[in-house]
Amino acid sequence: MNTWTGNLQQGRRDHYEVGALISAPHNSNNRVFVIEQGRARVCLVGGAKEQTLRYLKAGSLFVTHTPTWIEAVEPSTILSWPMSELRALITRQPDMAIVALREIGGIVSTCLELIEDLAFRSVESRLARYLLTKHKESGAVPFTVCDSTERLATLLGTSRQTLSTIINRMEREHLIRRTGRRSYQVLDSETLTLTADDLSAG
């Protein structure tokens, strides 16, 4: 847990198992919360479709009065306070404002990237960009993709079948190598970069 959270005054502490719903749209119990332990997913849901906006990790701060669904993707502990206490919390702990701006900025950035992807990039280009990001974050060692193929497909705005077809083709072309059930290693970052930068096939 981040150092700044250790200075927070006691709030309500709740525990969530994997898959448990932390918050749903139009929640009447508006609260500001910090992830003490674990990880959660912020997403939009429309009909049978979902769109992930951000993953929250230990030290992340968010609020429940948004049109998003927040789901625990790891066993998680949440520390929360009524929204009415937010101003007092920030006054006592200014770092909360910095963290809040970081999370808001992250979601805005994700939304802008999503708009650009859907408007200008093909599914293959979106996948290549996602793989390169994970490759960079992992330090060029094998990395684990999303929690499931279905969730990755949702994240990229495509179907599971289309995504599996593209991944299999990338493996055959030796652009990536599967190292586990949901883990991969990038073998040809140069070609993937060209694919990710292609805005002509959106």
Side-chain angles (χ1 to χ4, degrees), residues 1-2 4-5 8 11 14-27 29-81 83 86 89-90 93 95-121 123 125-138 143-158 160 163 182 196:
M1 186 168 59
N2 291 5
W4 74 272
T5 57
L8 288 173
D14 296 295
H15 305 280
Y16 298 87
E17 297 302 319
V18 174
L21 194 62
I22 296 172
S23 179
H26 313 302
N27 193 330
N29 183 21
N30 295 333
R31 301 184 71 83
V32 55
F33 68 87
V34 173
I35 306 284
E36 270 199 314
Q37 181 180 351
R39 200 163 65 103
R41 182 173 72 105
V42 181
C43 66
L44 295 172
V45 177
K49 295 184 177 181
E50 298 180 1
Q51 181 60 56
T52 299
L53 298 180
R54 188 165 180 82
Y55 282 91
L56 304 175
K57 58 185 180 180
S60 292
L61 181 148
F62 207 65
V63 293
T64 62
H65 73 301
T66 70
T68 61
W69 298 75
I70 306 172
E71 172 196 20
V73 295
E74 293 178 3
S76 301
T77 302
I78 306 296
L79 190 63
S80 69
W81 304 263
M83 276 296 297
L86 180 58
L89 283 167
I90 290 176
Q93 187 65 45
D95 284 349
M96 289 192 77
I98 297 173
V99 175
L101 287 172
R102 181 191 68 200
E103 298 300 342
I104 293 170
I107 287 184
V108 170
S109 177
T110 298
C111 289
L112 292 175
E113 289 176 359
L114 176 62
I115 292 170
E116 181 183 67
D117 277 350
L118 295 178
F120 304 117
R121 286 187 171 88
V123 175
S125 177
R126 291 176 226 159
L127 175 59
R129 196 151 74 98
Y130 174 86
L131 292 171
L132 287 169
T133 297
K134 299 295 288 186
H135 174 67
K136 182 178 179 181
E137 290 175 350
S138 70
F143 52 84
T144 300
V145 298
C146 236
D147 307 281
S148 66
T149 303
E150 291 83 357
R151 187 154 288 169
L152 179 57
T154 297
L155 181 66
L156 297 177
T158 188
R160 184 182 185 279
L163 179 63
R182 292 193 304 274

Under a 4.5 Å cut-off applied to non-hydrogen side-chain atoms, are [X] and [Y] in contact?
X: T68; Y: P25; answer: no
X: S60; Y: R102; answer: yes
X: I35; Y: I78; answer: yes

More than 12 heavy atoms of other groups within 6.0 Å of E17 CD: no
[X] and [Y]: which non-hydrogen atoms are nearest, and at how many Å?
X: S125; Y: A196; value: OG-O, 3.0 Å
X: A40; Y: I70; value: CB-CG2, 4.1 Å
X: G11; Y: W81; value: CA-NE1, 3.3 Å
X: Y55; Y: T52; value: CE1-CG2, 3.7 Å
X: E103; Y: L56; value: OE1-CD2, 3.7 Å
X: G38; Y: S76; value: CA-OG, 3.6 Å

Enter the distance from [X]:[atom1] to [Y]:[atom2] here, rounded to the nearest 0.5 Å.
X: L112; Y: I107; atom1: CG; atom2: CD1; answer: 12.0 Å
X: F33; Y: D14; atom1: CZ; atom2: CG; answer: 11.0 Å
X: E36; Y: T77; atom1: CD; atom2: OG1; answer: 6.0 Å
X: L61; Y: S80; atom1: CG; atom2: OG; answer: 11.0 Å
X: M83; Y: T64; atom1: CE; atom2: OG1; answer: 7.5 Å

R126 side chain to R121 backbone, donor-acceptor under 3.5 Å: yes
Check: R129 main-chain N/O paired with T133 side-chain donor or acceptor under 3.5 Å: yes
Contacts of type side chain to side chain donor-acceptor pair (under 3.5 Å), residue T144, not counting sequence neighbours: none
Exercise: do T149 and R160 side chains pair donor with acceptor under 3.5 Å: no
Stepwise side chain to side chain contact (heavy atoms under 4.5 Å, CB included) check, L44 with L53: CA-CA 7 Å; L44 295 172; L53 298 180; 3.8 Å; yes
Stepwise side chain to side chain contact (heavy atoms under 4.5 Å, CB included) check, F62 with I22: CA-CA 11 Å; F62 207 65; I22 296 172; over 6 Å; no
